Participant: 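Just passing along the structure, written as structure tokens.
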Amino acid sequence: MIAFLTGRVAARGAGSAVIDVGGVGMTLQCTPSALSRLHVGEEGTVATSLVVREDSLTLFGFADDDEKYLFEQVQTASGVGPRLALAMLAVHSPDSLRQAVHTEDTAALTRVPGIGKKGAQRIVLELRGKLDAPISTDGTLPGAEPAADAHPNGAWRGQVVAGLVNLGWSAKDAEAAAAAVAAETDDTSDVTALLRSALRKLSRA
């Protein structure tokens with residue numbers, strides 16, 4: 001099992017990054033918060049989970065071990081695979097996922113593309129006794145610093161749109177959601193927060 005990677009960030013896209021580890025480029029599918037901490041040309045460390053299939057080996061990357069833990073735990077619920085687990089962590093922080101499960105907030109879970117009402121009820125039923133209690137009330141871990149993106153203002157819209165499309169939304173809907181977020185905020189430094197705001201708008205549409 002590959003628990004983490006440390007190396008120079010060779011490339012970063014909307015949902016993935018390439019880390020040069022000893023001259024070998026490792027591609028990772030990452031959560032938005034993990035990507036926001038990786039900057040091309042700089043060294044980065046990413047917690048990882050290796051998913052093995054008959055025809056593929058896929059590395060998933062996370063901002064910290066807590067994200068990784070939630071990613072692996074939610075997959076113990078019926079019908080939740082790695083892609084859906086990654087989408088859950090794109091919409092919710094680890095602690096807000098815990099909160100949704102512990103309070104049986106199915107509406108919060110249905111904000112994730114691919115999770116309907118019945119699926120949310122099943123996830124709550126199957127995970128309620130498996131996840132530890134929420135750590136905080138604001139969706140962050142104690143002592144955690146907010147993730148910030150190094151890209152200048154304006155580039156965030158392309159990243160948000162690409163992230164929404166990767167999560168299953170149409171390009172038209174993604175563009176509309178990004179435009180709505182842009183009209184309501186002046187702070188565009190945190191792409192992770194902007195992506196979550198766009199997802200909330202799409203969920204209410």
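Remember, it's a predicted structure, so these values are computed and weren't measured experimentally.
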Participant: Is the shortest side-chain heavy-atom distance between Ser93 and Glu67 below 4.5 Å?
Facilitator: no

Participant: Which heavy atom of Gly61 sits nearest a heavy atom of Ala34, and at what distance?
Facilitator: O-CB, 3.9 Å

Participant: Looking at Arg98 and Asp95, is any side-chain nitrogen of the basic one under 4.0 Å from a carboxylate oxygen of the acidic one?
Facilitator: yes

Participant: Restricting to side chain to side chain donor-acceptor pair (under 3.5 Å), what partner residues turn up for Lys118, sequence neighbours left out?
Facilitator: none

Participant: Quick one: side-chain contact (heavy atoms from CB on, under 4.5 Å) partners of Val24, sequence neighbours excluded?
Facilitator: Met26

Participant: Starting at CZ of Arg122, measure out to OG1 of Thr106 and round the result to the nearest 0.5 Å.
Facilitator: 13.0 Å

Participant: I need the Lys201 NZ to Asp173 CG distance, nearest 0.5 Å.
Facilitator: 14.0 Å

Participant: Which heavy atom of Val124 sits nearest to which heavy atom of Ala100, and what is that distance?
Facilitator: CG2-O, 4.4 Å

Participant: Apply side chain to side chain contact (heavy atoms under 4.5 Å, CB included) to residues Gln29 and Leu86 and explain how you reach the verdict.
Facilitator: CA-CA 9 Å; Gln29 303 300 312; Leu86 197 69; 4.3 Å; yes

Participant: Hey, could you give me the OG1/CG distance between Thr31 and Leu70, rounded to the nearest 0.5 Å?
Facilitator: 11.0 Å

Participant: Please list all pairs passing the salt bridge (charged side-chain N to carboxylate O under 4.0 Å, His left out) test where one or both residues lie in residues 40-63, with sequence neighbours left out.
Facilitator: none

Participant: Is it true that a side-chain atom of His92 and a backbone atom of Ala108 form a donor plus acceptor pair closer than 3.5 Å?
Facilitator: yes

Participant: Any chance you could measure Leu109, atom CG, to Ser96, atom OG, to the nearest 0.5 Å?
Facilitator: 9.0 Å

Participant: Please give me the minimum heavy-atom distance between Ala17 and Leu38, naming the atom from each residue.
Facilitator: CB-CD1, 3.8 Å

Participant: Passes side chain to side chain contact (heavy atoms under 4.5 Å, CB included), Thr6 versus Val21? Steps please.
Facilitator: CA-CA 7 Å; Thr6 296; Val21 182; over 6 Å; no

Participant: Phe71: which residues meet the ring-ring contact (aromatic ring centres under 6.0 Å, His included) condition with it, sequence neighbours left out?
Facilitator: Phe60, Phe62

Participant: Going by the rule side chain to side chain donor-acceptor pair (under 3.5 Å), which residues pair with Thr58 if we only count those two or more places apart in sequence or in a different chain?
Facilitator: none

Participant: When rounded to the nearest 0.5 angstrom, what is the spacing between CZ in Arg200 and CG in Leu202?
Facilitator: 11.5 Å

Participant: Please list all pairs passing the salt bridge (charged side-chain N to carboxylate O under 4.0 Å, His left out) test where one or both residues lie in residues 16-25, with sequence neighbours left out.
Facilitator: Arg8-Asp20

Participant: Starting at CG of Leu89, measure out to CG of Asp66 and round the result to the nearest 0.5 Å.
Facilitator: 9.0 Å

Participant: Sequence neighbours excluded, which residues qualify as side chain to side chain donor-acceptor pair (under 3.5 Å) partners of Gln121?
Facilitator: none

Participant: Do Leu199 and Leu195 have side chains that get closer than 4.5 Å, going by heavy atoms?
Facilitator: yes

Participant: List for me each residue that meets side chain to side chain donor-acceptor pair (under 3.5 Å) alongside Ser56, sequence neighbours excluded, and say none if there are none.
Facilitator: none

Participant: Which residues pass the side-chain contact (heavy atoms from CB on, under 4.5 Å) test with Val101, sequence neighbours left out?
Facilitator: Leu127, Arg128, Leu131

Participant: Any sub-3.5 Å donor-acceptor pair from Arg12's side-chain atoms to Val18's backbone N or O?
Facilitator: no

Participant: Taking side-chain hydrogen bond (donor to acceptor under 3.5 Å, both in side chains) as the cut-off, I'd like each qualifying pair that reaches into residues 74-85, sequence neighbours left out, listed once.
Facilitator: Thr76-Lys130, Ser78-Glu126

Participant: May I ask you to decide if Ala193's main-chain N or O and Ser197's side chain share a donor-acceptor pair within less than 3.5 Å?
Facilitator: yes

Participant: List the residues meeting side-chain contact (heavy atoms from CB on, under 4.5 Å) with Leu28, not counting sequence neighbours, and say none if there are none.
Facilitator: Leu5, Ile19, Cys30, Val46, Thr48, Leu59

Participant: List the atom of Leu35, the atom of Gly13, and the distance in Å for their closest heavy-atom pair.
Facilitator: CD1-O, 3.8 Å

Participant: Going by salt bridge (charged side-chain N to carboxylate O under 4.0 Å, His left out), name the residues that satisfy it together with Glu72, two or more places apart in sequence or in a different chain.
Facilitator: none

Participant: Heavy atoms only: give me the nearest Gly44-Val9 pair and the separation to one decimal.
Facilitator: N-CG2, 4.3 Å

